[in-house]
Peer 1: 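Once you've had a glance at the structure underneath, I'll fire off some questions.
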Number of protein chains: 2
Amino acid sequence: MRMIAGEAGISVGALYLYYRSKEELCSTVFKGLFNEFRDAIAERTREISDPAEQIRTYIGTYMEMARVHREFIYTFNKDKGFAFGVEWKQKFFVELRRFLNGIIRRGIDEGIFADIEESEATKIVLSVLRGYVVSIVIDPDNLFTADACTDILLNGLVKRRGPQKGADVPR
Amino acid sequence: MRMIAGEAGISVGALYLYYRSKEELCSTVFKGLFNEFRDAIAERTREISDPAEQIRTYIGTYMEMARVHREFIYTFNKDKGFAFGVEWKQKFFVELRRFLNGIIRRGIDEGIFADIEESEATKIVLSVLRGYVVSIVIDPDNLFTADACTDILLNGLVKRRGPQKGADVPR
DNA sequence: GGTTCACATGAACAGGCGTTCATCTGAAGA
DNA sequence: TCTTCAGATGAACGCCTGTTCATGTGAACC
């Protein structure tokens with residue numbers, strides 16, 4: 001709080017005129033960022049019809065947002081006092097998951113995706129992205145490109161046999 | 001430190017007879033766990049010849065170890081004073097990455113895996129697992145099965161066309 | 001019994017944290 | 001000019017942390 005006040009050019013006491021507590025301050029910032037995050041993903045994927053391309057955009061947007069706000073992530077991961085806000089994080093994750101789950105379900109229904117377990121697939125894609133966020137903070141060597149990530153999640157590691165519609169799912 | 005001493009049934013001072021600092025204590029535990037982790041993965045994958053099966057085992061072992069030591073992960077993620085040991089974590093990650101990278105490289109060389117960028121693929125697989133560990137702590141709803149994870153990473157989301165060697169890479 | 005000494009104890013210390021509140025400030029109204 | 005009061009200040013408070021060190025303890029040896 002002392003650092004935030006200093007950075008804002010006001011006193012610690014003034015901070016408590018606008019926010020009841022550190023938790024309220026952090027929650028406010030977090031909620032704003034969450035909305036920006038969700039809106040960016042929803043907006044960019046809206047006009048796309050191919051679920052595979054939607055996932056590519058979802059992944060790209062997620063990673064871009066994480067990079068853009070890396071200072072935020074870094075600060076809040078390093079801050080030892082930021083252990084609250086769990087319920088907000090949960091809601092955040094649930095929304096992200098539900099959205100992605102819809103894309104994957106549609107991909108399966110349309111026969112573009114394989115007959116996978118949609119909820120498992122959703123969690124796994126989200127897990128890659130969650131790992132990406134962690135890497136930003138503690139292991140930048142593990143950062144990868146959005147394209148490589150999309151390609152592997154869509155096509156897998158194993159070599160594809162037989163004819164492929166390469167235009168649909170470029171490697 | 002007070003909690004550890006209490007749990008161990010000794011005094012705080014006695015803790016400092018055996019460990020110079022909290023950092024040294026934590027590093028000791030961490031190193032031991034790291035070695036166990038690495039040995040388990042190396043041992044279980046040793047006798048396997050198919051790179052795809054090696055990755056399946058790698059993923060399964062990683063997730064199992066994370067689950068077995070979930071209390072450890074939980075504690076150390078909640079503990080506000082455990083921000084050091086970065087260099088050890090780095091070494092840990094590098095070793096895990098190098099090992100996995102070797103498996104993937106061999107898979108590509110043997111024509112089992114597609115012509116992917118091995119270093120990117122490595123990071124992506126590790127990222128899924130890193131996300132899994134995070135989920136254990138902050139979002140258990142996002143936990144998935146090792147089999148689903150392996151299948152998606154090996155086969156991808158997109159439906160495979162043409163003949164497949166289903167026995168090799170079961171969905 | 002007396003001496004020694006490795007081991008063990010936990011109160012005390014210094015520093016950091018989020019939060020409070022007596023105090024100040026300066027513009028607006030009388 | 002004097003009064004009022006919302007807004008701003010930062011020293012102080014209580015709590016928690018990792019760490020230290022004067023003090024205690026008891027087995028081993030002379």
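Throughout, a chain's letter reflects where its sequence line sits, starting with A, and its residues are numbered from 1. Side chains are part of it too, since the values below use all heavy atoms of this structure and drop only hydrogens, waters and symmetry mates. What you are looking at is a predicted structure, and each value in this text was computed from that prediction instead of being measured.
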Peer 1: Quick one: side chain to side chain donor-acceptor pair (under 3.5 Å) pairs with a partner in residues 94-111 of chain B, sequence neighbours left out?
Peer 2: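 Applying side chain to side chain donor-acceptor pair (under 3.5 Å) to every pair that reaches into residues 94-111 of chain B, excluding sequence neighbours, yields A/D139-B/R97, A/N142-B/R97, B/R38-B/E95, B/Q54-B/R106, B/N101-B/E118, B/N101-B/T122, B/R105-B/E118, B/R106-B/E110.
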Peer 1: Roughly, in whole Å, what's the span from OH in A/Y16 to P in C/dT23?
Peer 2: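 So the two atoms are 22 Å apart, to the nearest Å.
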Peer 1: I'd like a table of atom pairs between the protein and nucleotides 23-28 of chain D - only N or O on both sides, under 3.5 Å - with the distance next to each one.
Peer 2:
none

Peer 1: Rounded off to whole Å, could you give me the CG-to-P distance for the A/L25 and C/dG18 pair?
Peer 2: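 Roughly 11 Å, once rounded to whole Å.
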Peer 1: With sequence neighbours left out, what residues match B/R46 under salt bridge (charged side-chain N to carboxylate O under 4.0 Å, His left out)?
Peer 2: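 Scan of B/R46 (salt bridge (charged side-chain N to carboxylate O under 4.0 Å, His left out), adjacent residues dropped) gives none.
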Peer 1: Which residue pairs pass the ring-ring contact (aromatic ring centres under 6.0 Å, His included) test when at least one of the two sits in residues 100-153 of chain A, sequence neighbours left out?
Peer 2: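 Listed by first then second residue: A/Y132-A/F144.
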Peer 1: Given side chains that start at C-beta, do those of B/L153 and B/I55 come closer than 4.5 Å, heavy atoms only?
Peer 2: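 With C-beta onward as the side chain, the pair stays apart.
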Peer 1: To the nearest Å, give me how far apart CE (B/M1) and P (D/dT17) are.
Peer 2: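 Roughly 12 Å, once rounded to whole Å.
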Peer 1: CZ of B/R20 versus C1' of D/dT20: gap in Å, rounded?
Peer 2: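 Distance, rounded to whole Å: 15 Å.
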Peer 1: Under the salt bridge (charged side-chain N to carboxylate O under 4.0 Å, His left out) test, which residues partner B/D141, sequence neighbours left out?
Peer 2: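 If we apply the salt bridge (charged side-chain N to carboxylate O under 4.0 Å, His left out) test to B/D141, skipping adjacent residues, there are no hits.
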Peer 1: To the nearest 10°, let me know how far the axis at one end of the helix from C/dG1-D/dC30 to C/dA30-D/dT1 is tilted from the axis at the other, five pairs an end.
Peer 2: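 For the helix from C/dG1-D/dC30 to C/dA30-D/dT1, the axes at either end differ by 30°.
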Peer 1: Rounding to a whole Å, what distance do you find between A/E23:CD and C/dC17:C1'?
Peer 2: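 Whole-Å distance recorded here is 15 Å.
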Peer 1: What is the distance from CE of B/M3 to P of D/dC15, rounded to the nearest Å?
Peer 2: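 In whole Å, D/dC15 P and B/M3 CE are 19 Å from each other.
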Peer 1: According to side chain to side chain contact (heavy atoms under 4.5 Å, CB included), who are the partners of A/L25, at least two apart in sequence or on a separate chain?
Peer 2: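 Side chain to side chain contact (heavy atoms under 4.5 Å, CB included) list for A/L25, sorted by chain: A/M1, A/I4, A/L15, A/Y19, A/V29.
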Peer 1: Would you say D/dA8 has OP1 or OP2 under 4.0 Å from some side-chain N or O of A/Y18?
Peer 2: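 True: A/Y18 side-chain N/O within range (under 4.0 Å) of D/dA8 OP1/OP2.
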Peer 1: Partners of A/F93 by ring-ring contact (aromatic ring centres under 6.0 Å, His included), sequence neighbours excluded?
Peer 2: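 Result, ring-ring contact (aromatic ring centres under 6.0 Å, His included) vs A/F93: none returned.
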Peer 1: Polar atoms only, N or O, under 3.5 Å: list the protein pairs with nucleotides 9-12 of chain D and their distances.
Peer 2:
unit_1 : atom_1 : unit_2 : atom_2 : d
D/dT9  : OP2    : A/S11  : N      : 2.9
D/dT9  : OP2    : A/S11  : OG     : 2.9
D/dT9  : O5'    : A/S11  : OG     : 3.3
D/dG10 : N7     : A/G13  : N      : 3.4

Peer 1: Using the ring-ring contact (aromatic ring centres under 6.0 Å, His included) criterion, which residues pair with B/Y62? Sequence neighbours excluded.
Peer 2: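 Scan of B/Y62 (ring-ring contact (aromatic ring centres under 6.0 Å, His included), adjacent residues dropped) gives B/F37.
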Peer 1: Could you tell me if the side chain of A/D151 sits less than 4.5 Å from the side chain of A/R56, heavy atoms only?
Peer 2: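 Contact flag for A/R56/A/D151 side chains = yes.
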Peer 1: What salt bridge (Lys or Arg N to Asp or Glu O under 4.0 Å) pairs are there with at least one residue in residues 61-76 of chain B, not counting sequence neighbours?
Peer 2: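 Qualifying pairs: B/R44-B/E64.
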Peer 1: Can you name the residues that form a side chain to side chain donor-acceptor pair (under 3.5 Å) with A/T145, not counting sequence neighbours?
Peer 2: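 If we apply the side chain to side chain donor-acceptor pair (under 3.5 Å) test to A/T145, skipping adjacent residues, the hits are B/E120.
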